[in-house]
Amino acid sequence: GEGDWDGKPMAQLVREVMEQCDTIGEAVEHMRNTPRTCEYYYVISDAKSGRAVGIKATPEIFETVWSGESHPQLPHPIDDTVILAAGDRYEELVRRVREGSGAFDADSARDLMTRPVCMTSNIQSVLFAPGSLDFWVANADSDNVASHTRYTKFNLADLLADAPVVAGGGG
């Protein structure tokens, strides 16, 4: 959705959370207290605490739903899980998560995001494993939504270790 352009863009807000916050609580408070632009939905997880939170954020609204909690729009909570989707896509995602509960690996977790759970406008899908810092990225192509294309694996720690140092501070 369109928003209030006086806030921080989503990409900058996410970067600040990753650079400045040490706990999931700090991350939530940073996002809550920072002026935001458009409507976005986030899932933040913390490997140290094992906690996760879903966030609905607009310039005016900031709502959270923690692992295992229900919300009027998310009526089927699952322990240790945050599920964000809407309508029939939500119902299908809940079904898939319950069906595979306790047995997910990277491949089966990525499969959670395939049609009809993802929308026809799905231009990028990312799965992040907080414990290992591994993540997989897929981008839509001219024929397929992102979750139906090839995923490429990266490791955040490796990428940051290899980052060039920029003169004048920063990396």
Side-chain angles (χ1 to χ4, degrees), residues 1-18 21 24-25 27-46 49-130 135-151:
E2 291 192 27
D4 180 348
W5 305 120
D6 291 331
K8 287 240 172 121
M10 175 272 298
Q12 184 176 357
L13 182 58
V14 170
R15 180 179 177 143
E16 287 178 359
V17 165
M18 292 175 61
C21 301
I24 194 167
V28 169
E29 287 311 304
H30 183 80
M31 293 182 83
R32 181 187 317 274
N33 296 325
T34 301
R36 298 170 302 277
T37 57
C38 300
E39 180 174 336
Y40 284 100
Y41 296 81
Y42 304 88
V43 175
I44 300 174
S45 61
D46 180 1
S49 69
R51 298 176 69 204
V53 63
I55 298 170
K56 174 185 180 177
T58 72
E60 301 83 21
I61 298 168
F62 191 88
E63 294 180 2
T64 60
V65 59
W66 291 86
S67 301
E69 287 184 346
S70 66
H71 178 280
Q73 294 174 295
L74 308 167
H76 311 300
I78 298 174
D79 289 341
D80 300 321
T81 305
V82 172
I83 297 176
L84 299 183
D88 291 341
R89 295 181 305 105
Y90 172 75
E91 297 297 332
E92 175 62 17
L93 184 54
V94 167
R95 185 194 68 73
R96 290 178 183 185
V97 170
R98 285 186 175 150
E99 187 177 273
S101 184
F104 286 109
D105 59 14
D107 291 333
S108 58
R110 288 190 305 265
D111 288 344
L112 292 171
M113 298 184 270
T114 59
R115 296 278 307 135
V117 170
C118 77
M119 297 171 62
T120 56
S121 58
N122 171 226
I123 61 170
Q124 187 175 63
S125 290
V126 179
L127 174 67
F128 189 78
F135 65 103
W136 297 260
V137 179
N139 292 295
D141 62 26
S142 59
D143 297 319
N144 300 289
V145 295
S147 62
H148 289 256
T149 63
R150 178 181 59 86
Y151 281 83

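Just the heavy atoms: all of them, side chains too, but no hydrogens, waters or symmetry mates, feed the values below.
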Polar side-chain atom of [X] near backbone of [Y] as donor-acceptor pair, under 3.5 Å:
| X | Y | result |
| --- | --- | --- |
| T149 | A146 | yes |
| N122 | S147 | yes |
| N33 | E29 | yes |

- Flag yes if more than 12 heavy atoms outside D141 fall under 6.0 Å of its CG atom; otherwise flag no.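 For D141, atom CG is crowded (more than 12 foreign heavy atoms under 6.0 Å).
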- Item | ring pair (Phe, Tyr, Trp, His ring centres under 6.0 Å) partners for Y90, two or more places apart |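 Residues passing ring pair (Phe, Tyr, Trp, His ring centres under 6.0 Å) with Y90: H76.
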Distance-only donor-acceptor hits, side chain of residues 49-62, under 3.5 Å, sequence neighbours excluded:
from	atom 1	to	atom 2	distance (Å)
S49	OG	D46	OD2	3.1
S49	OG	R51	N	3.2
T58	OG1	E60	N	3.1
T58	OG1	I61	N	2.8

Indicate yes or no: at least one non-hydrogen side-chain atom of [X] is less than 4.5 angstrom from one of [Y].
| X | Y | result |
| --- | --- | --- |
| R89 | L93 | no |
| L84 | V65 | yes |
| Y151 | V126 | no |

- OG on S45 to CG on D80, rounded to 0.5 Å: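 Between atom CG of D80 and atom OG of S45 there are 12.5 Å.
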- Item | Chi angles and distances behind the side chain to side chain contact (heavy atoms under 4.5 Å, CB included) call for C38, W5 | CA-CA 8 Å; C38 300; W5 305 120; 3.2 Å; yes
- Message: With side-chain hydrogen bond (donor to acceptor under 3.5 Å, both in side chains) as the rule and sequence neighbours excluded, what pairs involving residues 62-74 come up?
- Response: E63-H71
- Message: I'd like to know if E92 pairs up with R95 as an ion pair, taking the criterion as any Lys NZ or Arg NE/NH1/NH2 lying under 4.0 Å from an Asp or Glu carboxylate oxygen.
- Response: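 Salt bridge flag = yes for R95 with E92.
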- Message: Let's go through Y42 and V17 carefully: what are the C-alpha distance in whole Å and the side-chain angles of both, what is the deciding distance for side chain to side chain contact (heavy atoms under 4.5 Å, CB included) to 0.1 Å, and is it a yes or a no?
- Response: CA-CA 12 Å; Y42 304 88; V17 165; over 6 Å; no
Enumerate, atom names and distances included, each donor-acceptor pair closer than 3.5 Å involving a side-chain atom of residues 6-13, sequence neighbours excluded.
from	atom 1	to	atom 2	distance (Å)
K8	NZ	E16	OE1	3.1
K8	NZ	E16	OE2	2.5

- For T81, side chain to side chain contact (heavy atoms under 4.5 Å, CB included) partners two or more places apart: I78, I83, V97
Donor-acceptor contacts under 3.5 Å from residues 112-121 side chains, at least two apart:
from	atom 1	to	atom 2	distance (Å)
T114	OG1	R96	NH1	3.2
T114	OG1	D111	O	2.9
R115	NH1	C118	O	2.3

- Which atom names give the shortest non-hydrogen contact between F104 and A109, and what distance separates them? CD2-N, 4.0 Å
